[in-house]
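Everything numeric here is computed off the predicted structure, so don't read it as measured data. In what follows, every chain begins at residue 1, and chains take the letters A, B, ... in the order their sequences are listed.
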Amino acid sequence: MLFRKLLRTIWRYKAQFISMIIMVLLGVGVFVGFQGEWKSIQDDTFSFYDSTGFADYRLVCETGYSSEEMDKISTISGVEKVSRYVSAKTNESKQNDVVAVTVTTNFEVSGFIVISGEDYDSTASDSIWISDMYAEKNDYKLNDEMTLKYGAISITGKIKGLIKSSEYLICTPGENQMMPDFDTYGYVYISPEMYKNALGGFELYPEIHVISDLEKKEFSDKANEKLGRTNLLLTKDEVASYSEAQGEASEGKTMASILPVIFLGIAVLIMATTMQRLTINEKTQIGTLKALGFRDSKIVRHYTLFGLFIGLVGSILGIVFGYFIAWYIFNPGGSMGTYFDLPSWAIHMPWWTFLVVAGVVGFMTLISYFAAKNMLKGNAADALKPYTPKAMKRLKIEDSKGWRRLKFSTKWNLRDLFRHKARSSMTLFGVFGCTVLLVASFLMMDSMKGFVNKFYYGSMNYESQISLKEETTNEKALEMVSYYDADYSASTNVSLNEEAIAMDIYHVSHDYVKFLDPNMDFLTLEDTGVYLGQRLIESNNLKIGDKFEVSIFGSDAKYTLKLAGELRTLTKGVVMSQKYADEIGIIYKINQLFTNKTKENISKDTAFGDYISTTKSRNDIIKSFDSFMEVMYVMIGALIVLSIILGIVVLYNLGTMSYFERYRELSTLKVVGFRDKRIGKLLITQNMWLTVVGFLVGLPAGIGITCVLMKALASEYEMKMIFGWMTFVIPAIVMFGVSFLVSLMVARKNRKIDMVEALKVPE
Amino acid sequence: MNLINFKNVSRIYKVGDHEQKALDNVNLDLKSGKFIVILGPSGAGKSTLLNLLGGLDSPTSGTIVVNNKDISTLNNNELADYRAETVGFVFQSYNLIPTLTVFENVSLVKEIVKDPLSVNEMLEQVGLGDHKDKFPSELSGGEQQRVSIARALAKNPKILLCDEPTGALDSETGAMVLKVLLNMARNYHKTIIIVTHNQNIAKMADVIIRVKSGHIKEIINQDKPLSVDEVDW
């Protein structure tokens, strides 16, 4: 019988029940979804690394390693697997695309998985295993013939398999391209045998890849000892396919640990208030059951089921919704799919997410338990009495001079706010929370957009960027500089305190490339020293004027550099002028030109065609970064939309609660002769006050949260918080608009007040 | 001159598939300045009569003219104005706003009425001049009802409508409240209509209307109504 009552009560309060379920659904959904996003990136990439033998360490030497040297490394205790490895950029014959030819002598290290076609054969002399994504974009099929050229060397073979390799999880040709573009860049694997043949019996493996649990220092010491010389060592954290992917996961984790937690907090607290109020509304019924002879425990159990029901239904739907959100952000067809080349896109969830959700259900069950218990206090006669809110007491502000001059509506609303503190503070908290979410989301978005705009549209003043082939000499490059009227740069990798970073040397005479200082203003590279990004300055504990040492990859050369200033960069690197590089004697190779000529004109002009690896227009690069940023935008966009929905549900729910709590007072005003519009204005005014306060408090809190987020994301982006007027205006319009419309919806209810019925109820 | 005229007034409520006639073809003429008591058992239709007269409800058929105005055809806003200007209500459950003080509860009428009576004067008249700054929850039932009377009269309405005004009070307090109500009405020349079960109150009325099953059974004009003090409570 009580179960039927439960169902009928749910039906009676369907609007509140639905809004509570929606709140739990949104709170749990956003929480679960954002946790799922980073966990899926982490787990799916790790499983990919495992299945393809992603190396923990890479020993690098430009002159190459012999198989004996590799064997020596394999004898180090703690080393599991080793392989000699090479990845060389070649030109594909059909479209002249850049294709990285990859060889690993031990397929269990830095290998690949076959998506379709034949398994890898280490003895095959004419077989090519090609990236499935590159093959699809460039119309290569199994058994097609493919030719790759590196200078005078030509490699031809048949495509035997379409593959994915975790070495190319983020398949970009270099640091200046952030997003993969399989139309123009891809990779293939060939066997060591075929590689040897192509080189005419000669072998060059500039890397040894190692799978080992040893600490970096221990491994480095042991490797140097075994090889009898100092070797450049890269950990997996210094390889883009690992660091970028894990950076993305850690960025998601940071986001998930702040904004969705706020989201869940708002939903649960407001849900708890609503649940308590709902039980209060049932007080007479609770009393009736008690008077009829039902035991307290049975009544409490009955009412506890309400919380359990809402918690369970909301949480189950929330988990489903959460998986959808995680999928929406992390799926091969979305923006993440253009970034990662993964074989599996399964959604994974941290185990404790379900514990948190179970906690939410438990919390809601407890709330209804205590609310029902509270209504049963005293004897049956006490329980039968309808609930009366606390008696009104004078407020302290009533002693002030201005109080008497206030309008009745102001006094009424002020006292009502203090009389129903729980409801008022929850409304305030709801507005505050949604404001924080909106301001933080918009601020993040504006800062990113501002940074991208300044960086790309401001710093990149050129029309095209020409990447030179590896074999291009500096003399030839300078001829090209003069021909294309270009600025140029030389980029190489150096090691700073055992961390691999980029070193970019610029010659800027046309202002085609500009640099940004920490305040996002343009700076001119001084010839007195080098410039580092914020991350490197902090991690190496450097100050302007300090000197530090870098060593060039693949050589024993070491240089002492003086820190001249800080700049904002997208990559971790050291930047200097060519003049300074010449002064301290750095040997470099020009590999990038920046010119005002268009990509089309450069392509048509064959004068230096043989020396050009790729030409990218500024728009190509911006487009690539836009896609990169889209991952973040998708997350922020989802958060904005869901915050608005949460705001609507929260404000409507609390507005309706406020309306029902004041139903009798509103009826009295109506009987006395107040018009509907006037009464509606009273309700709207109160909500708007709370919105103003909640917004004003939420605004700085939102900025604060963004500061925390930006600091946490500093390892990913060196951004400065950028305040556009839209940052505040849009959240303000949204919050006040939502609040006003919801208040209006609630206020319109007073037209339906049944004065006769309302005033019959005894006090 | 009649202040109130009911012509063939019916009020039918729909309860599920059933129709319930709360008032059935009622005709009634009442003059101004009188103390009128409507008597009848529960469900007789007396509160419906009062609610229709007060503009809280509209008739299903028939016309109600009050002070030369047909209120049965008024829209929501016009009815609100009618309630503000023409009638004052006193309920059994007082219906004061709990978040407003005594003074503010009465002052409330200033928000909607052009020529209200002095709030201080009203509160003095009902004997609550010293309780102006108290909240309703700090008053006894009798005191709350007197605030309610002060609020109803402060609007300076033509008619005072009271639904069981002493129903929630003990007989002594009830008598005191009635005394205040009658004195105030006479001092300010108001027509009072009280709906009650209490036969004793009827002894003080100029006109007694007996209602039963939605019909007016009897209208008695009393030439010599008793005063409050003369009634044996």
Side-chain angles (χ1 to χ4, degrees), chain A residues 386 388-395 398-399 403-421 424 658 661-682 686 748 750-763, chain B residues 11 13 22 47-48 50-52 54-57 75-101 103-113 133-139 141 144 148 151-152 154-155 157 161 163-164 167-168:
Chain A
T388 43
K390 278 184 191 166
M392 192 62 219
K393 283 181 190 161
R394 282 180 74 80
L395 305 172
E398 292 187 33
D399 298 330
W403 176 261
R404 284 200 179 268
R405 274 184 236 139
L406 294 178
K407 284 194 292 185
F408 119 87
S409 54
T410 311
K411 290 179 185 171
W412 188 54
N413 270 326
L414 272 173
R415 291 209 186 102
D416 183 72
L417 288 176
F418 285 97
R419 192 179 189 212
H420 300 282
K421 286 192 192 78
S424 313
S658 155
E661 279 178 358
R662 291 195 279 176
Y663 189 69
R664 198 180 170 81
E665 294 170 39
L666 301 176
S667 309
T668 303
L669 291 180
K670 207 161 173 173
V671 168
V672 169
F674 277 74
R675 286 187 175 196
D676 290 335
K677 203 173 166 184
R678 189 85 190 273
I679 299 171
K681 213 171 141 189
L682 274 174
Q686 194 186 77
R748 285 174 75 94
N750 72 51
R751 293 184 180 180
K752 290 181 185 165
I753 287 177
D754 184 341
M755 290 175 280
V756 177
E757 281 303 311
L759 298 178
K760 263 185 195 171
V761 186
E763 277 189 342
Chain B
R11 181 66 177 101
Y13 294 106
S47 288
T48 305
L50 199 75
N51 291 338
L52 289 174
L56 303 185
D57 198 1
N75 65 26
N76 271 347
N77 282 338
E78 288 166 340
L79 274 175
D81 294 344
Y82 164 76
R83 287 195 297 274
E85 289 156 11
T86 313
V87 291
F89 274 97
V90 177
F91 292 95
Q92 179 182 346
S93 51
Y94 330 131
N95 291 322
L96 299 175
I97 307 283
T99 46
L100 296 181
T101 61
F103 183 84
E104 288 159 359
N105 258 289
V106 181
S107 301
L108 197 63
V109 301
K110 286 184 182 172
E111 302 279 326
I112 45 170
V113 176
D133 291 332
K134 286 187 175 169
F135 287 102
S137 57
E138 296 170 309
L139 302 178
Q144 288 193 52
S148 166
R151 182 179 67 188
K155 290 201 291 182
L161 302 172
D163 196 353
E164 298 281 12

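Nearest approach of Val671(A) to Arg83(B), heavy atoms of both residues: O-CD, 3.3 Å. Contact between Arg675(A) and Ala80(B) at its shortest, heavy atoms only, is CG-CB, 3.9 Å. When all heavy atoms of Pro98(B) and Arg419(A) are compared, the closest pair comes out as CG-NH1, 3.1 Å.
A donor-acceptor contact under 3.5 angstrom links the side chains of Arg664(A) and Ser93(B), judged on distance only.
A 4.5 Å side-chain heavy-atom check between Phe91(B) and Thr668(A) finds every atom pair outside the cut-off.
Options Asp57(B), Asn76(B), Asp81(B) differ in how many heavy-atom pairs under 4.5 Å they form with chain A, and the most are formed by Asp81(B). Annotation: maximal heavy-atom pairing with chain B below 4.5 Å, among Lys407(A), Lys411(A), Arg662(A), occurs at Lys411(A). Contact count versus chain A (heavy atoms, under 4.5 Å) is highest, among Val113(B), Asp133(B), Asp163(B), Val109(B), for Asp133(B).
Both the backbone and the side chain of Thr99(B) come within contact range of chain A, with heavy atoms under 4.5 Å apart. Heavy atoms closer than 4.5 Å to chain B are found in both the backbone and the side chain of Lys670(A). For a residue to count as touching a neighbouring chain, one of its non-hydrogen atoms must lie under 4.5 Å from one of that chain's; by this rule Lys134(B) does not touch chain A. Both the backbone and the side chain of Glu111(B) come within contact range of chain A, judged by heavy atoms closer than 4.5 Å.
Here the CZ atom belonging to Phe408(A) is positioned 12.0 Å from the OG1 atom belonging to Thr101(B), to the nearest 0.5 angstrom. Separating the CG atom in Leu108(B) from the CG atom in Leu669(A) is a distance of 5.5 Å, to the nearest 0.5 Å. Rounding to the nearest 0.5 Å gives a distance of 12.0 Å between CG of Leu56(B) and CD1 of Ile753(A). Between Ile112(B) atom CD1 and Arg678(A) atom CZ the span is 8.0 Å, to the nearest 0.5 Å.
In this structure, the side chain of Arg151(B) does not engage the main chain of Val672(A) through any donor-acceptor pair within 3.5 Å.
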